[in-house]
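First up is the structure itself, then whatever we jot down about it.
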Number of protein chains: 2
Amino acid sequence: MNKSELKVISVLERVGGFASAQQLHQLLLRSGESIGLTSVYRALQSLLDDKIVDQLRKEDGEAIYRLCGEAHHHHLVCKSCGSTVEIEGSALEKWAKAMAEEHGYREVGHLAEVFGICPSC
Amino acid sequence: MNKSELKVISVLERVGGFASAQQLHQLLLRSGESIGLTSVYRALQSLLDDKIVDQLRKEDGEAIYRLCGEAHHHHLVCKSCGSTVEIEGSALEKWAKAMAEEHGYREVGHLAEVFGICPSC
DNA sequence: GCAGAAATGAAAATGATTTTCATTTCCGGG
DNA sequence: CCCGGAAATGAAAATCATTTTCATTTCTGC
């Protein structure tokens, strides 16, 4: 575990949900850390191999990451400024469970994020 | 519906499952059709807008497509064998829309996948 | 047959991600 | 401390799918 990985983990903790490599890099720079984009990618790849982060793809194919084992919740993410709001997901939980049961799936989990443009953008 | 779209539909029918834009282009060329890669992408984009094809992302972020005349839906993915089942998502759509509206978000989209282990695994 | 619209595709641009490579930092043994 | 090699770092170049640009060709309705 090297410096870059620690920095990436700490910013992921701060974010508390999904973020792309580029977003994480920006956030690190903005909070005063000195780190190259290359190192962010390398750290994410390594954390992925170690099963410390989860990777998903947005609809446009960009990869987004989050810490494994984050408390389960969902976000409403602004496509423009990146601000996030935690949202209530019990309806979603029920839906996911119902769909899985209907098809005989076991050990069910799910991932969901809602994207949009926030009122201030 | 133009020529390129017809060609792309016909090769998708032949394939009978998922294929990437690059693969579809190669297949069309190999089967004697004359078509540019640009047109394959354009046709796929247009078919996607018309909900005639369904787009997914491989783990490396490359887009793959297949014919699918159904409405917007989500997938139930087997964590073990990777097989996917399309699931009905109207409950999810409603949830996403409600959450976004509640917070004043515009131009809403969402991302959702349900994971589990399928009956045959 | 003809003008304007739509379609086409080659080449350039884009944007995320990866690779290369030279430099810097770390670390253990002398 | 000091030295040398190993690991880490990051800037710049390379990669690769996808999109855009733009000039050319094909349709269409009149």
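Per chain, numbering begins at 1; letters A, B, ... match sequence-line order.
At whole-Å resolution of the value, CD in A:Gln45 and C1' in D:dA8 are 16 Å apart. Between A:Met1 atom CE and D:dA7 atom P the separation is 17 Å, expressed in whole Å. Between the P atom of C:dT19 and the CG atom of B:Asp60 lies a distance of 12 Å, rounded to the nearest Å. At whole-Å resolution of the value, CD in B:Glu5 and P in C:dA6 are 14 Å apart. Between A:Leu6 atom CG and C:dT25 atom P there is a gap of 18 Å when expressed in whole angstrom units. Atom NE2 of B:His25 is separated from atom P of D:dT19 by 15 Å (rounded to the nearest Å). When the C1' atom of D:dT19 is taken as reference, atom CG of B:Asp49 falls 14 Å away, rounded to whole Å. When the C1' atom of D:dT18 is taken as reference, atom CD of A:Glu59 falls 16 Å away, rounded to whole Å.
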Could you go through the side-chain hydrogen bond (donor to acceptor under 3.5 Å, both in side chains) check for A:His110 and B:His74 one step at a time? CA-CA 11 Å; A:His110 63 270; B:His74 296 276; over 6 Å; no

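When the side-chain nitrogen and oxygen atoms of A:Tyr41 are compared with OP1 and OP2 of C:dT18, none of them lie within a distance under 4.0 Å. Applying the 4.0 Å criterion to OP1 and OP2 of C:dT8, one finds that B:Asn2 has a side-chain N or O inside that range.
Checked against ring pair (Phe, Tyr, Trp, His ring centres under 6.0 Å), A:His25 has no partners two or more places apart in sequence or in another chain.
The local environment of NZ in B:Lys58 is crowded, with over 12 non-hydrogen atoms from other residues, nucleotides or ligands closer than 6.0 Å.
Comparing C:dA16, C:dC26, D:dA8 against the side chain of A:Lys3 picks out C:dC26 as the nearest.
Within residues 30-39 of chain B, the residues that have a heavy atom under 4.0 Å from DNA chain C are, in order of number, B:Ser34, B:Ile35, B:Gly36, B:Thr38, B:Ser39.
When the nearest nucleotides of DNA chain D are assigned to B:Glu62 and B:Arg42 by heavy-atom distance, the more 5′-ward of the two goes with B:Glu62. Residue A:Lys7 is the one, among B:Tyr65 and A:Lys7, whose nearest nucleotide of DNA chain D lies closer to the 5' end (criterion: closest heavy atom).
To the nearest 0.5 angstrom, A:Gln22 atom CD is 4.0 Å from A:Tyr41 atom OH. A distance of 9.5 Å separates CD1 of B:Ile35 from CZ of B:Arg42, quoted to the nearest 0.5 Å.
Scanning both residues, A:Trp95 and B:Ala91, for their nearest heavy atoms gives CD1-CB, 3.7 Å.
Within the 4.0 angstrom heavy-atom criterion, only backbone atoms of the sugar-phosphate kind lie near B:Ser4; the bases stay farther away.
Within the 3.5 Å criterion, the main-chain N or O of B:Glu62 finds a donor-acceptor partner in the side chain of B:Asp60.
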